[in-house]
Number of protein chains: 2
Amino acid sequence: MTGTRRGRPRTPLLSRESIVAATLQVIDAEGTAAVGMRSVARALGVDAKSLYNHVDGKDGLLDAVTEHLLGGLDLPSPTGDARHDLRAIADSFRDQALKHPQAAPLVLTRQLASLRALAPVDAVLAVLRDAGAGTEEAVHMLRMLLATLIGTLLREVSAAPAFGSNDREDTLAASGLPALVDAAEHLARFDREAEYEYAVDLAIGAVLHRLG
Amino acid sequence: MTGTRRGRPRTPLLSRESIVAATLQVIDAEGTAAVGMRSVARALGVDAKSLYNHVDGKDGLLDAVTEHLLGGLDLPSPTGDARHDLRAIADSFRDQALKHPQAAPLVLTRQLASLRALAPVDAVLAVLRDAGAGTEEAVHMLRMLLATLIGTLLREVSAAPAFGSNDREDTLAASGLPALVDAAEHLARFDREAEYEYAVDLAIGAVLHRLG
DNA sequence: ACCTGAACACCGTTCAAGT
DNA sequence: ACCTGAACACCGTTCAAGT
């Protein structure tokens with residue numbers, strides 16, 4: 001008979017959150033390439049196959065991490081000054097991405113069919129609408145700003161060509177390309193903060209200028 | 001004794017170029033994820049280990065492909081009109097990336113310490129200098145334009161969030177986020193060509209506007 | 001409900017051979 | 001010089017068991 005159950009319920013060893021946390025540990029310590037069912041399970045002192053009870057394979061694991069990171073965004077409350085508000089949203093995006101620089105490519109490249117991803121989109125659209133953009137125009141502007149931000153952050157976490165951080169000045173100077181030789185000194189330098197500010201301010205300025 | 005050699009020299013089965021070509025075949029047919037020493041070797045009718053005679057492991061294989069694609073860029077000759085020239089350079093970059101859409105993330109994210117990557121950089125700097133930018137300013141502008149272009153193209157080949165191609169209009173409308181509900185109709189549409197033009201023109205316009 | 005043992009079909013890579 | 005056989009240390013994943 002299937003009557004009363006015996007034995008303690010035994011609290012589970014794993015949870016979605018503990019798995020996500022362990023994955024971030026692995027990423028911070030050894031990079032995205034080191035993430036695997038086995039390495040994450042090892043960090044939890046458990047067998048790799050156990051993860052399948054909480055997460056939908058390796059791809060689902062990475063989705064869970066991406067969703068967790070997007071959920072950690074803390075969006076600023078709007079002040080009414082469009083330039084300031086757009087910049088503040090971009091900053092909060094960047095802050096969150098740089099908390100786990102090695103994990104940033106996940107947030108910046110994985111497309112998630114999740115409501116988590118939509119809050120920042122809504123925030124940007126709201127600011128643009130308040131600044132006088134039509135709905136269609138606001139969507140174009142959102143996408144342009146997002147492209148610039150993503151391109152900039154990918155470069156900042158070394159997941160996109162920087163032209164500078166890698167190439168040594170003497171290599172550039174020896175290239176024989178005239179404009180490049182001229183600029184070698186500046187190409188060889190790369191100040192992440194300054195480059196971020198320049199790119200994002202220019203993009204935001206362009207959008208606001210178009211709004212008149 | 002080590003005298004005269006006997007037997008025909010036998011022309012090699014493989015070459016760096018044939019390997020790169022086979023890799024592109026695999027990528028076009030099954031995507032970057034399907035690239036492996038074994039799958040590429042299979043496409044060539046050869047053993048996986050043979051590739052090591054021509055290419056430095058899997059990473060070297062991907063570098064070779066990236067370098068090949070960058071080498072295929074055909075840069076336009078400058079006309080003296082900065083807006084037109086910058087746009088033409090961006091277009092040639094995009095054309096090359098879209099020849100193998102599945103391979104595009106390679107060119108857009110791998111950083112290559114190769115002279116091949118420097119020709120387009122020189123071209124952009126030359127146009128900016130001619131338009132009156134100082135060397136340091138030109139480098140900042142180059143990097144901003146590159147970030148926008150890379151972000152845009154990554155999205156175009158579905159390697160970055162698009163907010164639209166994936167999310168269905170009804171999902172967006174049901175999100176409860178007011179600005180997003182308002183724009184749901186436009187967010188659900190995504191015209192690659194139009195979005196590319198909007199983003200790149202806005203970025204180029206911003207740079208030229210700053211140059212006065 | 002949650003964890004694991006056995007098992008499967010994969011990987012990239014080295015190194016000593018073969019021609 | 002170039003290709004391969006044998007071998008190694010890895011992967012992700014399924015499924016039937018155990019508690």
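What you see is a predicted model; the values in this text were computed from it and never measured. Each chain gets a letter, A, B and so on, in the order the sequences are listed, and its residues count up from 1.
- Between C:dA1 and A:His54, no contact under 4.0 Å exists linking OP1 or OP2 to a side-chain N or O.
- Regarding B:Tyr52, its OH atom lies at a distance of 16 Å from the C1' atom of C:dA16, rounded to whole Å.
- Checked for salt-bridge contact, A:Asp95 and A:Lys99 miss the test: no charged N lies under 4.0 Å from a carboxylate O.
- Using a 4.5 Å cut-off on side-chain heavy atoms (C-beta onward), A:Leu98 and A:Glu156 make contact.
- Dashed line: the shortest gap from a side-chain N or O of A:Ser50 to OP1 or OP2 of C:dT4 is under 4.0 Å.
- Atom CG of B:Leu44 and atom C1' of D:dC2 are 14 Å apart (whole Å).
- B:Leu51 places its CG atom 12 Å from the C1' atom of D:dC2, with the value rounded to the nearest Å.
- Looking at the side chain of B:Val46, the nearest of the listed nucleotides D:dC2, D:dT4, C:dG12 is D:dT4.
- The main-chain N or O of A:Arg94 is never found under 3.5 Å from a side-chain atom of A:Tyr196 such that the two would form a donor-acceptor pair.
- Heavy atoms of A:Asp47 sit under 4.0 angstrom from primed sugar atoms or phosphate atoms, though from no base atom.
- A salt bridge between A:Asp63 and A:Lys58 is absent, with no side-chain N of the basic residue lying under 4.0 Å from a carboxylate O of the acidic one.
- In this structure, CZ of A:Arg42 is placed 12 Å from C1' of D:dA9, rounded to the nearest angstrom.
- Closest of all the heavy-atom pairs between A:Val127 and A:Asp85 is CG2-CB, 3.9 Å.
- Under the Watson-Crick or G-U wobble criterion, with both distances below 3.5 Å, D:dA17 has no partner in any strand shown.
- Base engagement by B:Lys49 is indicated by at least one non-hydrogen atom pair under 4.0 Å involving a base atom.
- B:Arg16 has its CZ atom 18 Å from the P atom of D:dA1, to the nearest Å.
- In this entry the distance linking CG of A:Asn53 with C1' of D:dG12 reads 15 Å, nearest Å.
- In this entry the distance linking CD1 of A:Ile19 with P of C:dC2 reads 11 Å, nearest Å.
- Atom CZ of B:Arg38 is separated from atom C1' of C:dG12 by 7 Å (rounded to the nearest Å).
- The pairing partner recorded for C:dC11 is none, the criterion being a Watson-Crick or G-U wobble arrangement whose two distances lie under 3.5 angstrom.
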